[in-house]
Chemist: 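Dropping the structure in here first, questions after.
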Amino acid sequence: MMDSTKLVPLSNCSPGQKFKIVQLELIGTMRYRLLDLGFVPGAVISVQQKSPLGDPTAFRVNNTMIALREEESSKIFGEVIEND
Amino acid sequence: MTEDKEWRIALAGNPNTGKSTLFNALTGLRQHTGNWPGKTVVHAEGSFTYNDKTYKIIDLPGTYSLLSNSADEEVARDFIIFEKPDVTIVVLDATALERNLNLALQVLEMTDQVIVCINLIDEARKKGIEINKSLLSKKLGVPVLTISARNGEGIDELLKTIDLMVNGKIKTNPLKLQYGPDIEEKIAKLIPLVTKLFGTEYPARWVALRLLDGDHSLLDALKRDYHSSVRRMTANGYSCSC
Amino acid sequence: MDTHAAVNREKSFQELVKYAESLSNTQTRDRIVSHIFQTTKKICNDVVSYNQKEKPNPTEKLDRIFTSKIWGFPIMLAMLAVVIYITIAGANIPSSMLANFFGWLEGYLTLAFKAINAPDWLYGILVLGLYRGTAWVVSVMLPPMAIFFPIFSLLENYGYLPRVAFNMDRLFKKAGAHGKQSLTMAMGFGCNAAAIMSTRIIESPRERMIAILTNNFVPCNGRWPTLILLSSLFMAASFTDELSTMVTAAVVVGMVLFGIVVTLSVSWILSKTALKGIPTHYTLELPPYRNPKIWNTIVRATLDKSFYVLKRAVTVAAPAGVLTWILANTYIGDTSILLTIVHFLDPFAKSLGLDGFILMAFILGLPANEIVLPILLMGYLSTGALTEIEDMSTLKQIFIDHGWTWLTALNTMLFSLLHYPCGTTLINIYKETKSKKWTFAAFAIPTVLAITITFVINQIVRLLGLI
Ligand SMILES: Nc1nc2c(ncn2[C@@H]2O[C@H](COP(=O)(O)OP(=O)(O)O)[C@@H](O)[C@H]2O)c(=O)[nH]1
Ligand SMILES: [Mg+2]
């Protein structure tokens, strides 16, 4: 089993950071939608930019840009692998 | 003289990959296009003729997948499974091939008559992205073309390929994913049962997979379609006895 | 026999489903999906190669500006203002040229009718009703729409709309609405009826309903010209030429912003009352900016929009022109039907800062917003000496002769912005919601708001003695 205490939610990351997904703690349609978009365990995504009002945040994944609200990004867990 | 039969072509693909632009290029119609995902919500039909054949082409709503059960996805999925288009063109975005291919693989599991169209090749060139289409075609087992729908690039070749495919001149051998021993074993158990129930009406392996992943919306759709096909059969029966 | 077979198959189907369920577990689906991913990854590694060293992506650079904390909102506002400014500045001359042309043509038509000794009623219906109604719609509607939509279409094809949704998302979330509502609103600029269909991109039924019920608060194609015309005649009249275009644009921008505020407020109220609930999940893709084929896009959008406006002019404005003329010229006793209606509506309309003619025009304009203004003008013209409308200043004189002030213009604009959706939109709402109740709500909410707001403004302005 992964030691999930070391994992951080994606929502904690700030623009410029790279993040490797370990697990998604979501179920149902939203889980599959995120998987479809490339938020799969093992994927490395980079945090691009926050919306002017602070939320949502845009992420670069699989060469595409996807914006997620904090409700979703806080349920994607993994590790920060690089700082700019 | 044009033939009487009207061939049906479905356009599937991720949102914003240029399906409507391609639809317009083929039909001369003016479906709404724009650079944002989600603008095609009502499914549009148009027709064109090429090489004495008449084609009806259907611009399906863009979807990221055919497995997640959103309303759009059901429309696209049901069309491919129940309406059985003669050719399904999967339109991919050359600049984000990795994500786009997921959908292509899903379509390949549903039907053999597939042409993979990698659109936005002009954008990809600008970004220095190169795609080895013959290798990709070998891997997928279906024709792969690169086009730029907006600039009309590659449209002729696409038309030729469509023509060859409906004439049965192209033998496809679509990639069927292997899911590892235990899932494959379950699939093997289900396939004979599916075939017994539905005959060759639906792709058995694909239905078995959906049964395994518990896709309830598909099961409901199957039931609906099955009932209406029974009704079709009975209706025909009556008309015969008259 | 058939039913028997059907029952049997139904049973074996159920059994098959049960059997499959017993084989699979919760992880099966994840495994299937992730297997697909691994395969695509492998394939892509083999077939895709990147030639250039990863150079900074222009889209990312642009997004750092377009969605920046400081510049995100000012740029959105500036875009809106510039588009509207160009529309107003550009439409002025072609509008008056068209009006002149139609006026000139009307002179000859009149002569022709006189030459053949046509009866008055025929001349009335055909020239004063049908011809004028159509001519009005064409000269007032066509130029601004033929300028606005190509520009809008360029922005849309460039990829700016998703950035608007990205910037505004937080506001919609606070209002309990869906983040993609801003995209459906953008479609509303073109046509509310089409925008109702576009709300299908919102999957949650609750949030979709909110988007449907509030879509009307963005001015559509049929209302832009009304807003532009009235603000240029009444709000900007006292300024010099260049400045007046700016002021007109500012007032129209203000109207659009007010519409957005109303949208957010009504969405918020709905999500706290009749459509209670919390915002659902969603993802928003921000596609790379793509340079549109400029000339292609402009020519196509211009032609499409012009054709659309002309079609509307013939199918809606022409019959409306005829109907208005008949109402104005059929007498019961010694007043025309039209005047009877106007007198009946007048007291109520006056309390809203409008008059009976204006309210009647809105009511008869239910089928399409384009015809509100032409009906209003024909109503006014039918009462006095018939003046040919030669240019914009005679137009203003007609309004002033009927007691218009800046307040009348303001409240007419507000009523146009806020009132019930047009007939086509209502039909689409019914088709999409399949509910009489919600279709009625889509009619009632804006109507009550339009009445309340214009009433309050009228009372306040009069109380403060501003007029
Ligand atoms: N550069 C370029 N842009 C394209 C091409 N095809 C489509 N587009 C643009 O991509 C955007 C999305 O196209 P659209 O047909 O609406 O996509 P759909 O969602 O798949 O129907 C539009 O802005 C098009 O103008 C192409 O071949 N090259
Ligand atoms: Mg489309």
Side-chain angles (χ1 to χ4, degrees), chain B residues 15-16 30 33-39 41-42 61 65 67 70-72 95 97-99 101-102 104-106 120 123 127-133 135-136 139-140 150-151 175 177 179-180 183 186 189-190 193-194 196-197 208-209 211-215 219 222-223 226-227 230 233-234 237, chain C residues 2 5-6 9-10 12-13 15-17 19-21 23-24 26 28-29 31-33 35-37 39-41 43-44 46-53 55 57 153 156-162 165 180 183 186-187 194 197-201 203 284-285 287-290 292-293 296 300 304:
Chain B
N16 218 34
R30 299 186 168 188
T33 66
N35 191 8
W36 55 283
K39 61 230 153 249
V41 285
V42 211
S65 147
L67 305 175
S70 72
D72 286 352
T95 64
L97 205 58
E98 194 169 324
R99 185 187 76 199
L101 265 180
N102 290 322
L105 294 187
Q106 293 175 24
L120 293 151
E123 296 280 331
K127 292 185 177 166
I129 299 172
E130 221 171 87
I131 297 165
N132 184 340
K133 59 177 171 177
L135 182 59
L136 183 59
K139 283 178 185 282
L140 298 180
R150 204 176 70 181
N151 304 324
L175 173 68
L177 295 174
Y179 292 94
I183 292 186
K186 292 172 186 167
K189 280 185 190 155
L190 287 172
L193 301 173
V194 174
K196 199 174 138 220
L197 197 60
L209 275 163
L211 282 164
L212 279 178
D213 65 24
D215 187 335
L219 299 181
L222 278 176
K223 232 190 271 175
Y226 157 67
H227 280 306
V230 168
M233 275 151 54
T234 16
Chain C
D2 273 330
R9 268 183 68 160
E10 172 89 43
S12 30
F13 184 67
E15 275 161 20
L16 178 59
V17 173
Y19 179 55
E21 264 168 19
L23 287 178
S24 76
T26 47
T28 315
R29 189 164 188 169
R31 298 230 338 250
I32 291 175
V33 173
H35 190 82
I36 298 179
F37 281 112
T39 315
T40 48
K41 186 151 216 150
I43 294 178
C44 281
D46 294 344
V47 304
V48 183
S49 52
Y50 297 87
N51 276 338
Q52 286 153 13
K53 270 243 145 290
K55 63 172 184 188
N57 186 328
S153 185
E156 185 185 354
N157 277 288
Y158 182 55
Y160 187 64
L161 293 192
K180 290 188 181 167
L183 293 173
M187 291 300 97
M197 315 297 281
S198 81
T199 60
R200 289 186 189 178
I201 58 173
E203 276 166 38
L284 174 72
E285 181 172 2
Y289 294 104
R290 288 174 192 151
K293 284 187 121 177
N296 246 335
R300 188 164 246 212
D304 282 359

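Heavy atoms only: backbone and side chains are in, while hydrogens, waters and symmetry mates are out.
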Chemist: Considering non-hydrogen atoms only, spot the tightest contact between C:Ile43 and B:Leu101 and give its length.
Modeler: CG2-CD1, 3.9 Å

Chemist: Need one label for C:Tyr158: side chain, backbone, both or neither, based on atoms under 4.5 Å from any heavy atom in chain B.
Modeler: backbone

Chemist: Side chain, backbone, both or neither: which part of B:Arg150 has a heavy atom under 4.5 Å from chain C?
Modeler: both

Chemist: Could you walk me through whether B:Lys196 and C:Leu16 pass side chain to side chain contact (heavy atoms under 4.5 Å, CB included), step by step?
Modeler: CA-CA 11 Å; B:Lys196 199 174 138 220; C:Leu16 178 59; over 6 Å; no

Chemist: Once side chain to side chain donor-acceptor pair (under 3.5 Å) is applied, do any residues pair with C:Arg200, and if so which ones, sequence neighbours excluded?
Modeler: C:Glu432

Chemist: Minimum heavy-atom separation for B:Leu197 to C:Ser12, with atom names?
Modeler: CD1-OG, 3.4 Å

Chemist: Quick check: closest heavy atoms across B:Trp36 and C:Pro162, and the distance to 0.1 Å?
Modeler: CB-CG, 3.5 Å

Chemist: At their closest point, which heavy atom of B:Leu211 faces which heavy atom of C:Ala20, and how far apart are they?
Modeler: CB-CB, 3.6 Å

Chemist: Taking the side chain as C-beta and beyond, is there a heavy-atom pair between B:Asn16 and C:Arg290 under 4.5 Å?
Modeler: yes

Chemist: Return the option, out of B:Leu175, B:Leu140, B:Leu135, with the maximum number of heavy-atom pairs under 4.5 Å with chain C.
Modeler: B:Leu135

Chemist: If you round to the nearest 0.5 Å, how far is CZ of C:Phe13 from CG of B:Leu219?
Modeler: 5.0 Å

Chemist: Go through it in stages, so that I can follow the logic: the residues are B:Asp213 and C:Val33, the test is side chain to side chain contact (heavy atoms under 4.5 Å, CB included), and I'd like the CA-CA distance, side-chain angles, deciding distance and then a yes or no.
Modeler: CA-CA 10 Å; B:Asp213 65 24; C:Val33 173; over 6 Å; no

Chemist: Which atom names give the shortest non-hydrogen contact between C:Arg31 and B:Tyr179, and what distance separates them?
Modeler: NH2-O, 4.1 Å

Chemist: With only heavy atoms counted, which part of B:Glu123 is less than 4.5 Å from chain C, the side chain, the backbone, both or neither?
Modeler: side chain

Chemist: Which one wins on heavy-atom pair count under 4.5 Å against chain C: B:Pro37, B:Gly180, B:Ala104?
Modeler: B:Pro37

Chemist: So which part of C:Leu23 gets closer than 4.5 Å to some heavy atom of chain B, the side chain, the backbone, both or neither?
Modeler: both

Chemist: Flag the one option from C:Ser153, C:Ala165, C:Pro292, C:Ala194 with the top tally of heavy-atom pairs under 4.5 Å to chain B.
Modeler: C:Pro292

Chemist: State, with a plain yes or no, whether a side-chain heavy atom of B:Asn151 is found less than 4.5 Å away from one of C:Lys293.
Modeler: yes

Chemist: With B:Lys139, which residues qualify under side chain to side chain donor-acceptor pair (under 3.5 Å), at least two apart?
Modeler: C:Asp46

Chemist: Quick one, B:Leu193 with C:Glu15, criterion side chain to side chain contact (heavy atoms under 4.5 Å, CB included). Give me CA distance, side-chain angles, the key distance, then yes/no.
Modeler: CA-CA 10 Å; B:Leu193 301 173; C:Glu15 275 161 20; over 6 Å; no

Chemist: Determine the option with the most heavy-atom pairs under 4.5 angstrom with chain B, choosing from C:Thr28, C:Ile32, C:Val48.
Modeler: C:Ile32

Chemist: Between C:Cys44 and B:Leu97, what is the shortest heavy-atom contact and its length?
Modeler: SG-C, 4.1 Å

Chemist: I'd like to verify something: which residue of C:Asp304, C:Leu161, C:Leu284 has the highest number of heavy-atom pairs under 4.5 Å with chain B?
Modeler: C:Asp304

Chemist: What part of B:Leu105 is in contact with chain C, defined as an atom under 4.5 angstrom from a non-hydrogen atom: side chain, backbone, both or neither?
Modeler: side chain

